[in-house]
Number of protein chains: 2
Amino acid sequence: MEIEIFRKFLSGRGLKLTNQRVAVFNEIFAFHGHFEPERLYLKIKDSGTRASRASVYRTLNLLVESGLVEKITRTEKGNVYEHTYGHRHHDHMVCEVCDEIIEFYSEKIENLQDEICRKNNFRGVSHTLEIRGYCGKCGRQR
Amino acid sequence: MEIEIFRKFLSGRGLKLTNQRVAVFNEIFAFHGHFEPERLYLKIKDSGTRASRASVYRTLNLLVESGLVEKITRTEKGNVYEHTYGHRHHDHMVCEVCDEIIEFYSEKIENLQDEICRKNNFRGVSHTLEIRGYCGKCGRQR
DNA sequence: AGTTTAATTGAAATTTAATCTCAATTTCAA
DNA sequence: TTGAAATTGAGATTAAATTTCAATTAAACT
């Protein structure tokens, strides 16, 4: 169970697994996809559990540090996260017309990035590659 | 002159080329590299010109719309911009500790992206590739 | 050159995501 | 069960960016 990883991470730091942290964890892992902190907070609230915004934000940061959750991108409306446990990393193509998101993965691009990091004495931890343009359907209509 | 492009962009929209807009423009194009709105505001202030923060932010947005300036990344301390006129496209590595930005360009990665777009029947228009991690200096200190 | 009209400006207020404060509460190891 | 240390929540705070609106300014037109 993924929660065991979180529990270990916490105890390794002398931190405690509280009800609020469990609630945040469960809500994140019950869902598959991207989410924003505010929506997460509201979902937890709807589910009946009591967890303040402060706790949601604090737990989110812990989950990122533990590696179970990733900060995907920063938009003008705030950060976007997704849980990463058991999911292979991927990148996105976004259609500027219909907002369709196509996921893709390229081993070759990953390797080239590693190579570039090495060359620049940079330790890459994460990356975002987003290609914007027109999907097949929308491109045809122009 | 680049300012002519800006002037045309403005008049095409029924907007005016004011002293403040010229000041913002000049400060940005006098410099080569990345900048944050607040530092830009302070530099303009130091140069003796009078332009409020509001005007700096407003002009910055116009310059982005005109294509002369690009918003290259969002850090927790705010947005980072660079002027793009006459610069070849490149991507960025951002240090999560000190926010240092390293530019890089890879023909191979560009080509692989084109290939992936073709495979997915997607017409790519632009892309952002940002690698986040630790620069040489900050990586060593951990 | 002067007039007109709509755009622009600046100072301060506002917005919004995210963090911080601190007294009260909860966890968990002993 | 107890007690030290971590955690919580409500509200305050922070900081980047935007908005408001009365006063000012650019520039098109006489």
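Convention: sequence-line order gives letters A, B, ...; per-chain numbering from 1.
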Notebook entry, point to check: Any salt bridge (Lys or Arg N to Asp or Glu O under 4.0 Å) pairs touching residues 24-42 of chain A, not counting sequence neighbours?
Noted result: E36(A)-R39(A), E38(A)-R53(A)

Quick one: side chains of residues 109-119 of chain B, donor-acceptor pairs under 3.5 Å with protein atoms, not counting sequence neighbours, listed by atom name and distance.
from: E110(B); atom 1: OE2; to: H89(B); atom 2: NE2; distance (Å): 3.2
from: N111(B); atom 1: ND2; to: E107(B); atom 2: O; distance (Å): 3.4
from: Q113(B); atom 1: OE1; to: H127(B); atom 2: ND1; distance (Å): 3.0

Notebook entry, point to check: Looking at residues at least two apart in the chain, or sitting in another chain, which of them share a ring-ring contact (aromatic ring centres under 6.0 Å, His included) with F104(B)?
Noted result: none

Notebook entry, point to check: So which of residues 34-46 of chain A are in contact with DNA chain C, with a heavy-atom cut-off of under 4.0 Å?
Noted result: P37(A)

Notebook entry, point to check: First and last nucleotide of DNA chain C in contact with chain A, 5' to 3', at under 4.0 Å to a heavy atom: what are they?
Noted result: dA17(C) to dC28(C)

Check: Mind checking whether F35(B) and Y81(B) have parallel, tilted or perpendicular rings, split at 30° and 60°?
Finding: parallel

Check: Can you name the residues that form a ring-ring contact (aromatic ring centres under 6.0 Å, His included) with H92(A), not counting sequence neighbours?
Finding: H34(A), H90(A)

Next item on the list: Side-chain contact test, heavy atoms from C-beta onward, threshold under 4.5 Å: evaluate it for E82(A) versus V69(A) and give yes or no.
Entry: no

Next item on the list: Could you identify which residues of residues 64-82 of chain A place a heavy atom less than 4.0 Å from some atom of DNA chain C, listed by residue number, or say none?
Entry: K77(A), G78(A), N79(A)

Margin query: Would you compute the distance between atom CD1 of I102(B) and atom CG of N121(A) and round it to the nearest 0.5 angstrom?
Written below: 8.0 Å

Margin query: Nearest 0.5 Å, please: how far is OG in S55(B) from CG in L60(B)?
Written below: 11.5 Å

Item checked: DNA chain D contacts made by residues 13-25 of chain B, counting heavy atoms under 4.0 Å -> K16(B), L17(B), N19(B)

Next item on the list: With sequence neighbours excluded, tell me which residues meet salt bridge (charged side-chain N to carboxylate O under 4.0 Å, His left out) with E130(A).
Entry: R132(A)

For residues 2-18 of chain B, please give each side-chain donor-acceptor pair under 3.5 Å, one per line with the distance, not counting sequence neighbours.
from: E4(B); atom 1: OE2; to: R7(B); atom 2: NE; distance (Å): 3.2
from: S11(B); atom 1: OG; to: K8(B); atom 2: O; distance (Å): 3.4
from: R13(B); atom 1: NH1; to: E65(B); atom 2: OE1; distance (Å): 2.8
from: R13(B); atom 1: NH2; to: E65(B); atom 2: OE1; distance (Å): 2.9
from: T18(B); atom 1: OG1; to: R21(B); atom 2: N; distance (Å): 3.2

Margin query: Could you measure the distance from the CG atom of N79(A) to the OH atom of Y57(A)? Nearest 0.5 Å is fine.
Written below: 8.0 Å

Check: More than 12 non-hydrogen atoms from neighbouring residues, nucleotides or ligands closer than 6.0 Å to NZ on K45(B), yes or no?
Finding: no

Check: Which angle, rounded to 10°, do you find between the first-five-pair axis and the last-five-pair axis of the helix from dA1(C)-dT30(D) to dA30(C)-dT1(D)?
Finding: 30°

Next item on the list: Considering non-hydrogen atoms only, spot the tightest contact between L40(A) and V56(A) and give its length.
Entry: CD2-CG1, 3.8 Å

Check: In residues 50-60 of chain A, what residues come within less than 4.0 Å of DNA chain C, judged by heavy atoms?
Finding: A54(A), Y57(A), R58(A)

Checklist line | H87(B)/H32(B) under side chain to side chain contact (heavy atoms under 4.5 Å, CB included): CA gap, chis, key distance, verdict | finding: CA-CA 10 Å; H87(B) 295 181; H32(B) 188 69; 2.9 Å; yes

Item checked: Stepwise side chain to side chain contact (heavy atoms under 4.5 Å, CB included) test for L129(A) and T128(B) -> CA-CA 6 Å; L129(A) 169 53; T128(B) 325; over 6 Å; no

Item checked: Test log, rule side chain to side chain contact (heavy atoms under 4.5 Å, CB included), inputs R74(B) and E76(A) -> CA-CA 9 Å; R74(B) 296 168 212 264; E76(A) 38 249 88; 3.0 Å; yes

Notebook entry, point to check: If you measure from OG on S66(B) to CG on N61(B), what distance do you get to the nearest 0.5 Å?
Noted result: 11.0 Å

